Amino acid sequence: MLRCSDGSFYIGWTDDLDRRLACHNSGRGAKYTRSRRPVELVYHEDFSTASQARKREWAMKRLSRKAKENLLVGDE
């Protein structure tokens with residue numbers, strides 16, 4: 001989960017976290033983050049398969065803002 005410069009969150013999945021974060025901060029990442037740079041990595045989880053990661057991404061995108069903030073402090 002990334003925190004954008006406007007305080008919003010962006011959630012996605014990748015198999016190379018450092019490369020993806022660099023893409024977002026260079027303006028080559030998702031359209032959503034291009035106008036909200038810089039972005040900061042604030043939370044991540046590791047999965048053994050891409051399928052598991054995509055399922056978790058989908059579930060996290062459905063969380064309320066408060067629930068996403070709770071993830072950051074370990075209250076989920």
Side-chain angles (χ1 to χ4, degrees):
M1 180 169 24
L2 304 178
R3 180 173 306 159
C4 300
S5 63
D6 65 358
S8 64
F9 293 121
Y10 174 82
I11 296 173
W13 75 277
T14 183
D15 58 1
D16 187 339
L17 193 54
D18 293 330
R19 179 189 57 80
R20 188 67 174 145
L21 182 58
C23 282
H24 283 294
N25 276 319
S26 71
R28 293 177 289 129
K31 185 177 179 180
Y32 183 84
T33 61
R34 285 183 200 151
S35 62
R36 293 170 172 86
R37 292 181 288 152
V39 298
E40 170 190 18
L41 178 66
V42 292
Y43 181 83
H44 79 279
E45 297 176 358
D46 294 317
F47 295 93
S48 56
T49 67
S51 176
Q52 291 172 331
R54 285 191 298 268
K55 286 177 184 176
R56 180 61 172 153
E57 173 195 19
W58 181 81
M60 286 180 67
K61 284 182 174 182
R62 300 187 70 211
L63 295 174
S64 67
R65 178 171 181 85
K66 182 66 177 168
K68 290 173 189 170
E69 290 170 346
N70 287 343
L71 281 174
L72 302 180
V73 295
D75 286 345
E76 187 203 17

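Keep in mind the model is a prediction, meaning the values are calculated, not measured.
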Can you give the donor-acceptor pairs under 3.5 Å from side chains of residues 57-64 to other protein atoms, not counting sequence neighbours?
| unit_1 | atom_1 | unit_2 | atom_2 | d |
| --- | --- | --- | --- | --- |
| E57 | OE2 | K61 | NZ | 3.1 |
| S64 | OG | A67 | N | 3.1 |

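When the side chains of ILVMFWY residues are joined at heavy-atom separations under 4.5 Å, either directly or via intervening members, W13 and L17 end up in two distinct hydrophobic clusters. Hydrophobic clustering, with ILVMFWY side chains joined whenever heavy atoms are under 4.5 angstrom apart, keeps L2 apart from V42. Hydrophobic clustering, with ILVMFWY side chains joined whenever heavy atoms are under 4.5 angstrom apart, keeps L72 apart from V39. There is a path of hydrophobic side-chain contacts, each under 4.5 Å, that joins L41 to Y10.
The line from CZ of R37 to SG of C4 is 11.0 Å long, rounded to the nearest 0.5 Å. The CZ atom of R28 sits 10.0 Å away from the CZ atom of R20 when rounded to the nearest 0.5 Å. A distance of 10.5 Å separates CG of D16 from CG of L21, quoted to the nearest 0.5 Å. Residue H44 holds its NE2 atom at 13.0 Å from CZ of R56, rounded to the nearest 0.5 Å.
Listed by first and then second residue, the salt bridge (Lys or Arg N to Asp or Glu O under 4.0 Å) pairs involving residues 2-13 are D6-R36 (not counting sequence neighbours).
Residues E69 and F9 have side chains in contact (heavy-atom distance under 4.5 Å, counting atoms from C-beta outward). Within the 4.5 Å cutoff, no side-chain heavy atoms of F47 are placed close to those of K55.
The main-chain N or O of A22 is found under 3.5 Å from a side-chain atom of S26 such that the two form a donor-acceptor pair. A donor-acceptor pair under 3.5 Å links the side-chain atoms of R34 to the main chain of G29, judged by distance alone.
For N25 against P38, the heavy-atom pair with the smallest separation is OD1-CA, 3.3 Å.
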